[in-house]
S.K.: 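After the structure tokens below, expect a handful of questions from me.
Atoms within each ligand, like the ligands themselves, are counted from 1 in listed order. These values consider heavy atoms only, across backbone and side chains, with no hydrogens, waters or symmetry-generated copies.
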Amino acid sequence: MPEAGNFERLLPERLEMVRSQLRLRGIRDERLLEVMFRVPRDEFVAEEYKEQAYGDYPIPIGEGQTISQPYIVALTVEVLRLTSGSKVLEVGTGSGYQTAILAELSAYVYSLERLSGLKLEAEKALNRMNYKNVTLAVGDGSEGWPEHAPYDAIAVSAAAPEIPPPLAAQLAESGRMVIPVGPPEAQKLKLVCRQNNRLQVHDLEGCRFVPLIGSHAYPMV
Ligand code: SAH
């Protein structure tokens, strides 16, 4: 686990983020709220964005991508119902911020990012904070990561036209996946649960993510 003492900037901003963006909007999981307070989101954004790191919006992280809004990260992680034994697949590492939150609350996180520059930066940040239960790789996450499947939880951080079949196939029995589904302008965040070998899909909220680009997602334009 990371040394909290080295990463204690912007604590009032973090406290306010947890109160106004998370608690007041209905995030209830106390362990998650504590982790969202403790993990330094400012470590995952460029110098010029650090002061804004706890704002209620996505922030550019380069290559046309963004670090997800804090509330969306919290909602995603809360509904995954992670335990200290969970094996997690994350699709769309981006900054690595959500990877850190997932790593704090599960046994192990495998995370895929299609852009190698972002993967390298995320890896640096996660190493600085000493996360050991994370493996990152460059690849098309719409195909999942079959070597380590099945996963107790899958968190997809980019919008897909539909639920990619390989991801559904790699979800363990009683496993839970959160994925934004819909056209590039606006999507529904969906919770997919595998129960008795059947998939149940629930709508969570409207959202707006960058597109998932891959063989079971949107094509490269
Ligand atoms: N949770 C991340 C979100 C980053 S944005 C964060 O908060 O920082 C979504 C990321 O998904 C982008 O970095 C984008 O490059 C990546 N992505 C898009 N399609 C992908 C695919 N098929 N496989 C893996 N990553 C993908």
S.K.: Is it true that R81 and D152 make a salt bridge, defined as a side-chain N closer than 4.0 Å to a carboxylate O?
M.R.: no
S.K.: Closer than 4.0 Å to some heavy atom of L112 - which atoms of ligand 1 meet that?
M.R.: 24 (C), 25 (N)
S.K.: Short list, please: which atoms of ligand 1 are under 4.0 Å from a heavy atom of G141?
M.R.: 21 (C), 22 (N), 23 (N), 24 (C)
S.K.: Quick one: does T99 get within less than 4.0 Å of ligand 1, heavy atoms only?
M.R.: no
S.K.: Checking N127 side chain against N130 main chain: does a donor-acceptor pair fall under 3.5 Å?
M.R.: no
S.K.: Could an N or O of ligand 1 be found under 3.5 Å from any N or O of I61, whether backbone or side chain?
M.R.: no
S.K.: Heavy atom under 4.0 Å from ligand 1: found in I67's side chain, backbone, both, or neither?
M.R.: both
S.K.: Dump the intermediate steps for side-chain hydrogen bond (donor to acceptor under 3.5 Å, both in side chains) on Q98 and E90, then the final yes or no.
M.R.: CA-CA 9 Å; Q98 180 176 273; E90 182 186 43; 3.1 Å; yes
S.K.: Where is the tightest heavy-atom contact between F37 and R14, given as atom of each residue plus distance?
M.R.: O-CD, 2.9 Å
S.K.: Where on D140 is there a heavy atom closer than 4.0 Å to ligand 1, on the side chain, on the backbone, on both, or on neither?
M.R.: both
S.K.: Purely on distance, is any nitrogen or oxygen of S68 under 3.5 Å from one on ligand 1?
M.R.: yes
S.K.: Heavy-atom contacts with G94 under 4.0 Å: which atoms of ligand 1 show up? List them by number with element.
M.R.: 4 (C), 8 (O), 13 (O)
S.K.: Does A217 approach ligand 1 within less than 4.0 angstrom via side chain, backbone, both or neither, non-hydrogen atoms only?
M.R.: neither
S.K.: Can you check which of G64, G92, P211, S95 brings a heavy atom nearest to atom 18 (C) of ligand 1?
M.R.: P211
S.K.: Is G139 near ligand 1, meaning one of its heavy atoms is under 4.0 Å from it?
M.R.: yes
S.K.: Looking only at protein heavy atoms, identify the closest one to atom 22 (N) of ligand 1 and say how far it is in Å.
M.R.: I213 O, 2.7 Å
S.K.: Which residue supplies the protein heavy atom nearest to atom 9 (C) of ligand 1, what is that atom called, and how far is it?
M.R.: S157 O, 3.3 Å
S.K.: Does a side-chain N-to-carboxylate-O contact under 4.0 Å join R31 and E34?
M.R.: no
S.K.: V156 and M177: which non-hydrogen atoms are nearest, and at how many Å?
M.R.: CG2-SD, 4.4 Å
S.K.: Could you see which bit of V73 sits under 4.0 Å from ligand 1, with heavy atoms only: side chain, backbone, both or neither?
M.R.: neither
S.K.: Below a 4.0 angstrom heavy-atom separation, can you tell me which part of Q65, side chain or backbone, both or neither, approaches ligand 1?
M.R.: side chain
S.K.: Would you indicate whether K188, at its atom NZ, is surrounded by more than 12 heavy atoms from other residues, nucleotides or ligands within a distance under 6.0 Å?
M.R.: no
S.K.: Only heavy atoms of L118, strictly under 4.0 Å: list the atoms of ligand 1 that pass.
M.R.: 13 (O)
S.K.: Closest heavy-atom contact between W145 and A137?
M.R.: CH2-CB, 3.5 Å
